[in-house]
Amino acid sequence: MTLILRKNGHMKEAEAVPYARVNYIYKKERIKVMGERVRFECGTASEYISADELMGIREQVLSARETLVSGSGLGNDFLGWINLPVDYDKEEFARIKKAAARIREDSEVFIAIGIGGSYLGAQAANTFLKGVFYNNQPKEVRKGPEVYFCGNSISSTYLQELLDLVGDRDFSINVISKSGTTTEPAIAFRVFKEKLIAKYGREEAAKRIYATTDKARGALKTLADAEGYEEFVVPDNVGGRFSVLTAVGLLPIAVTGADIDELMEGAAQMREIALSAAFEDNDPLLYAAARNILLRKGKEVEILGNYEPRLHYIGEWWKQLQGESEGKDKKGIFPAAVDLTTDLHSMGQYIQDGRRFLMETIMNVESQTYEIVMKKEASDLDGLNYLDGKTMDFANKCAMNGTLLAHSDGDVPNLRINIPRMDERSLGQLFYFFEFECGVSGYMLGVNPFNQPGVESYKKNMFALLGKPGYEAQHDELMKRL
Ligand code: PA5
């Protein structure tokens, strides 16, 4: 028996209908009903996923969503992100905008210090919204400070080069750490704080330091209180990798002049779909279903691909989100990311022809920010005249479609996420789309999607090797093994 979905969410028996057809029917209706927005499609993976399989997993997906939204699952102390787009601290939101305006006024450079969830979302947003060359644009075009991230490594070379880049220019710092005790950002903050104090004196420096941390606990909170920094809060019930729509992400994003109201609005739209839409109209749920079906068929690695350099850090943010949320108890899809067509000339061979444990999810930006039209040349020495009058984006989409068909033929199913354009609204939708899918998928796998016990192992060893008080015994043990 083959089942197909009806618009009202009920199933009916039908002749064998490939899922591609079902998806096509619903896609057309969904476009009419929902309008322009971030949208998931099974794409060429529909050749690997039958309508029956999709219907077969439907109840598991809906049950995982119920576990998530009812707060009855593992890690339910960290579900604050679900309602963030509609239920956030409005007073703090206004303060974030004011601080951003002040920084745009008084700083040529803005240094955001954080690691993991305390920087990836903002880095992803800034590159997506403002472009790869934002920091290199003339001031008159940029209208805001250059924005740099540090505290996400312990490289003295990186930090010294950044100190040199700031030079004598006016700058401000946003130190971001939910725990307030993470070593990497703490080290970078010490170094940049010293530079700030040397330039402005202690009192003036304190006015240029913005601290985003826990409302009550941690070394950073203690320091911020003592020194009188302006403080922003990472809510208790929002974990690092789900915190981009809190002050963690919002201040470094707003500093570039991005519209954070639109960002929240976009996230609120996707939240509505995630919470209310029927399975066949529910993009995050369909994505969770598809990738889990493929996992069960041996596709253990998911590659998130983009055809836009502005999306590079979306891939980095997503790797943390999925990797830390699903990768535990010896389970989880391994998240990888590629930039295309760039990586077709490096990873393309493996994807096409290496071990067959891959699935791919392609982020497709539908409308360009800028368009370039190809022109005819008198002599056609490079043989490109056949592209006369065509846009570069047409060429990019041909590369994308050609590649996803080739990869499918090579047994790599391709899922697809369509993104209307590189603006705040689409980005808010995209962030929430991934977060919601991640929570659902984690519960489908039977793990706690909201903890990260594995991250502690390296920290304990590092503290022991650093000679941190309290780790003396481990120090000797580890030294014997090195
Ligand atoms: O998702 C997480 O919780 C982590 O990746 C954290 O964001 C990361 O470890 C940084 O932690 P903190 O903000 O406490 O410095």
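When a ligand or atom number is given, it counts from 1 through the structure's own listing order.
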Evaluate the 4.0 Å heavy atom contact test for atom 9 (O) of ligand 1: does a protein atom fall under the cut-off? no
Given E324, K178, Q452, which has its nearest heavy atom closest to atom 4 (C) of ligand 1? E324
Do any N or O atoms from the side chain of [X] and from the backbone of [Y] form a donor-acceptor pair under 3.5 angstrom?
X	Y	answer
E424	A258	no
T182	E184	no
K299	P413	no
K328	G454	no

Is the closest heavy atom of I115 to ligand 1 under 4.0 Å? yes
Contact between P145 and R104 at the side-chain level, heavy atoms closer than 4.5 Å - yes or no? yes
Is there a nitrogen or oxygen of K459 sitting under 3.5 Å from a nitrogen or oxygen of ligand 1? no
S155-S153 side chain donor-acceptor pair, cut-off 3.5 Å: no
Looking only at side chains, do R241 and S325 share a donor and an acceptor under 3.5 Å apart? yes
Under a 4.0 angstrom heavy-atom cut-off, which atoms of ligand 1 come close to [X]?
X	result
G117	5 (O), 6 (C), 7 (O)
S118	7 (O), 12 (P), 13 (O)
G240	1 (O), 2 (C), 3 (O), 7 (O)
S179	12 (P), 14 (O), 15 (O)

Give me the nearest non-hydrogen protein atom to atom 5 (O) of ligand 1 as residue plus atom name, then the distance to 0.1 Å. Q320 NE2, 2.5 Å
Distance to 0.1 Å, residue and atom name: give those for the protein heavy atom nearest to atom 11 (O) of ligand 1. T182 OG1, 3.6 Å
